[in-house]
Amino acid sequence: MGKCQVTLGRFQEKKRFLSDIFTTIVDLKYCRFLFVFMMCYIVTWVIFSIIFFFDAWIRDDINHIGDPEWKPCIENVDNFISALLFSVESQRTIGYGSRIVMADCTEGVILLMAQSIVGSMIDALMVGCMFVKISRLKKRARTLIFSKKCVVSHRDEKLCLMFRIGDLQDSHMVDAKIRAKLIKSRQTKEGEFIPLEQSELNLGYDTGEDRLFLVEPQIICHVINDHSPFWEMTAELLKREQFEIIMILEGIVEASGMTCQARNSYIEDEILWGYRFEPCMTLQKGAFRVDYNRFEKTFEVLTPVASAKEMYELKEMEHQDQSTLSLYWDHLLLS
């Protein structure tokens with residue numbers, strides 16, 4: 001389904017993730033993200049409550065509760081729970097009024113200022129992360145569908161690898177672009193093994209056919225020519241190979257103006273040699289109607305099982321034979 005199956009392990013320098021703490025928090029799963037969200041506030045409340053309670057204990061305010069002649073630093077802070085309540089009230093600007101910092105307590109004013117600054121920084125970070133995580137367009141990508149199978153057949157006398165994509169939403173993708181990567185391990189001539197080597201599949205980059213306007217389901221075509229990694233691959237060899245084709249569709253969502261990406265993948269068992277997609281659009285009452293029940297349907301067509309290279313060489317030989325026969329016939333007529 002286009003999901004990455006590569007797991008990162010034995011990474012020693014964990015501090016690199018802290019250098020980009022914003023992205024690290026946003027990429028967390030929702031359960032972990034909510035846990036970090038809550039702990040950022042709870043930890044700061046507890047830390048400052050400990051400091052407030054410790055200050056009240058040092059100043060001996062706890063032993064003078066209810067003494068009208070004693071001037072405490074923080075009024076009505078007589079235990080840790082009351083210090084915790086004062087910390088929450090100060091950072092969240094609740095202010096019930098029963099616990100306040102007295103004007104002649106310098107350290108209390110400084111602590112209150114420090115907690116206000118730290119609270120503002122946490123609010124900015126957490127609210128920003130929450131907004132970015134909620135506004136991510138992963139749900140929009142679910143309405144961009146790919147065919148479950150790839151097909152290989154001739155189109156315009158060229159052997160092509162084809163798949164179908166469609167958009168289920170009424171709001172269309174703006175400036176949509178499609179690209180494909182072939183992931184395959186190989187061994188070089190020097191004996192070096194390259195795992196998961198990536199090679200580009202041309203989907204019409206030179207002609208602009210990779211830029212799509214998804215008002216209806218479209219069949220994306222990769223022409224198998226001498227620049228294609230499937231140039232020498234036959235139908236039998238295709239079944240024995242181990243590879244994966246990653247399809248990446250990117251575009252701007254018309255409703256929000258944000259970039260969305262949808263991915264899908266095909267392995268060797270999901271490629272049908274000698275098949276073609278059935279049409280899924282009909283003209284009814286002056287308008288086109290898309291039948292998504294036919295989106296996945298294919299039908300078999302006559303396609304040679306030879307590779308594109310072998311077909312090309314066979315055509316070249318036939319062309320040379322025809323040229324030779326034509327020259328021989330012209331020579332007979334002239335003689």
Side-chain angles (χ1 to χ4, degrees), residues 2 145-166 176-184 186 197-250 263-281 290 294-326:
I145 59 175
F146 294 77
S147 59
K148 296 180 181 179
K149 300 290 185 179
C150 253
V151 298
V152 177
S153 59
H154 279 95
R155 172 180 279 190
D156 295 329
E157 299 182 350
K158 297 177 182 178
L159 192 64
C160 299
L161 176 83
M162 293 171 285
F163 63 97
R164 181 182 272 169
I165 59 175
K177 293 176 288 187
I178 185 74
R179 54 195 180 98
K181 290 281 187 179
L182 175 66
I183 311 297
K184 180 183 177 183
R186 74 177 183 93
E197 185 184 42
Q198 301 182 18
S199 56
E200 191 78 18
L201 295 181
N202 188 1
L203 299 180
Y205 175 79
D206 49 348
T207 60
E209 295 179 2
D210 62 327
R211 296 182 177 271
L212 309 176
F213 185 45
L214 288 176
V215 293
E216 83 284 347
Q218 295 188 15
I219 297 177
I220 309 301
C221 177
H222 165 66
V223 179
I224 303 178
N225 52 25
D226 55 346
H227 298 292
S228 172
F230 298 104
W231 175 241
E232 299 181 0
M233 192 169 294
T234 62
E236 185 65 27
L237 184 60
L238 182 68
K239 298 178 181 179
R240 299 199 306 265
E241 290 287 337
Q242 291 185 351
F243 60 87
E244 187 171 6
I245 304 175
I246 309 295
M247 309 298 180
I248 304 173
L249 176 64
E250 292 180 337
R263 294 192 301 267
N264 193 43
S265 66
Y266 301 98
I267 59 176
E268 62 277 0
D269 294 335
E270 297 172 334
I271 300 178
L272 304 177
W273 189 287
Y275 283 80
R276 190 177 298 165
F277 287 106
E278 290 187 2
C280 61
M281 290 186 62
V290 179
R294 306 176 64 86
F295 185 83
E296 301 286 350
K297 292 186 177 180
T298 59
F299 62 96
E300 192 172 0
V301 294
L302 183 61
T303 304
V305 295
S307 65
K309 180 181 179 181
E310 294 173 347
M311 296 181 194
Y312 175 77
E313 292 176 349
L314 181 61
K315 287 183 179 180
E316 287 293 318
M317 292 177 59
E318 292 177 353
H319 180 70
Q320 291 178 1
D321 292 341
Q322 291 178 359
S323 299
T324 303
L325 182 60
S326 177

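Here the structure is a predicted model, which is why all the values come from computation and not from measurement.
Residue Leu238 holds its CG atom at 8.5 Å from CG of Leu161, rounded to the nearest 0.5 Å. With rounding to the nearest 0.5 Å, the separation of CD1 in Ile220 from CD in Glu209 is 9.0 Å. The CZ atom of Arg164 sits 9.0 Å away from the CZ atom of Arg294 when rounded to the nearest 0.5 Å. Atom-to-atom distance recorded for Glu268:CD and Arg240:CZ is 12.0 Å, nearest 0.5 angstrom. Atoms CD1 and NE2, from Ile224 and His227 in turn, are 14.0 Å apart once rounded to the nearest 0.5 Å. Between atom CD1 of residue Ile245 and atom CD1 of residue Ile183 there is a gap of 10.0 Å, rounded to the nearest 0.5 Å.
Partners of Leu314 under the side-chain contact (heavy atoms from CB on, under 4.5 Å) rule, at least two apart in sequence or in another chain, are Glu318. Residues satisfying the side-chain contact (heavy atoms from CB on, under 4.5 Å) test with Pro304, not counting sequence neighbours, are His154, Met311. Take Glu241 and apply the salt bridge (Lys or Arg N to Asp or Glu O under 4.0 Å) test, not counting sequence neighbours, and it matches Lys184. Partners of Phe243 under the ring pair (Phe, Tyr, Trp, His ring centres under 6.0 Å) rule, at least two apart in sequence or in another chain, are Phe230. Taking the side chain to side chain donor-acceptor pair (under 3.5 Å) definition, one finds that Glu270 meets it with nothing, sequence neighbours left out. Scanning for side chain to side chain donor-acceptor pair (under 3.5 Å) contacts around Tyr266 gives Ser147, Asn264, with sequence neighbours left out. For Arg211, the salt bridge (Lys or Arg N to Asp or Glu O under 4.0 Å) criterion is met by Asp175, not counting sequence neighbours. Every residue two or more places apart in sequence or in another chain that forms a ring pair (Phe, Tyr, Trp, His ring centres under 6.0 Å) with Phe295 is listed here: Tyr292.
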Output a table of donor-acceptor pairs, distance under 3.5 Å, between side-chain atoms of residues 197-207 and any protein atom two or more places apart or on a different chain; print 'none' if there are none.
residue : atom : partner : partner atom : Å
Glu197  : OE1  : Arg186  : NE           : 2.5
Glu197  : OE2  : Arg186  : NE           : 3.0
Glu197  : OE2  : Arg186  : NH2          : 3.3
Glu200  : OE1  : Lys181  : NZ           : 2.8
Asn202  : OD1  : Gly204  : N            : 2.9
Asn202  : OD1  : Tyr205  : N            : 2.9
Thr207  : OG1  : Gly204  : O            : 3.3

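Among residues at least two apart or in separate chains, side-chain hydrogen bond (donor to acceptor under 3.5 Å, both in side chains) pairs with a member in residues 216-226 are His222-Ser228. Evaluation of the side-chain hydrogen bond (donor to acceptor under 3.5 Å, both in side chains) test over residues 295-311, restricted to residues two or more places apart or in two chains, returns Glu232-Lys309.
Counting all heavy atoms, side chain and backbone alike, Arg276 lies closest to Ser153 at NE-OG, 4.1 Å. Across all non-hydrogen atoms, the minimal contact from Asp269 to Lys149 is O-NZ, 3.8 Å.
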Using the side chain to side chain contact (heavy atoms under 4.5 Å, CB included) rule, take Trp231 and Tyr312 through it: C-alpha gap first, then chi angles, then the decisive distance, then the call.
CA-CA 10 Å; Trp231 175 241; Tyr312 175 77; 3.7 Å; yes
Candidate pair Leu159 and Trp273, rule side chain to side chain contact (heavy atoms under 4.5 Å, CB included), full reasoning:
CA-CA 10 Å; Leu159 192 64; Trp273 189 287; 4.0 Å; yes
Val151 and Ile271: CA distance, side-chain angles, deciding distance, side chain to side chain contact (heavy atoms under 4.5 Å, CB included) verdict
CA-CA 6 Å; Val151 298; Ile271 300 178; over 6 Å; no
What do the steps show when you test Arg155 against Ile219 for side chain to side chain contact (heavy atoms under 4.5 Å, CB included), and what is the final call?
CA-CA 11 Å; Arg155 172 180 279 190; Ile219 297 177; 3.8 Å; yes
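In this structure, Met247 and Arg179 have side chains that are not in contact, with every pair of non-hydrogen atoms separated by 4.5 Å or more. In this structure, Ile178 and Ile248 have side chains that are not in contact, with every pair of non-hydrogen atoms separated by 4.5 Å or more.
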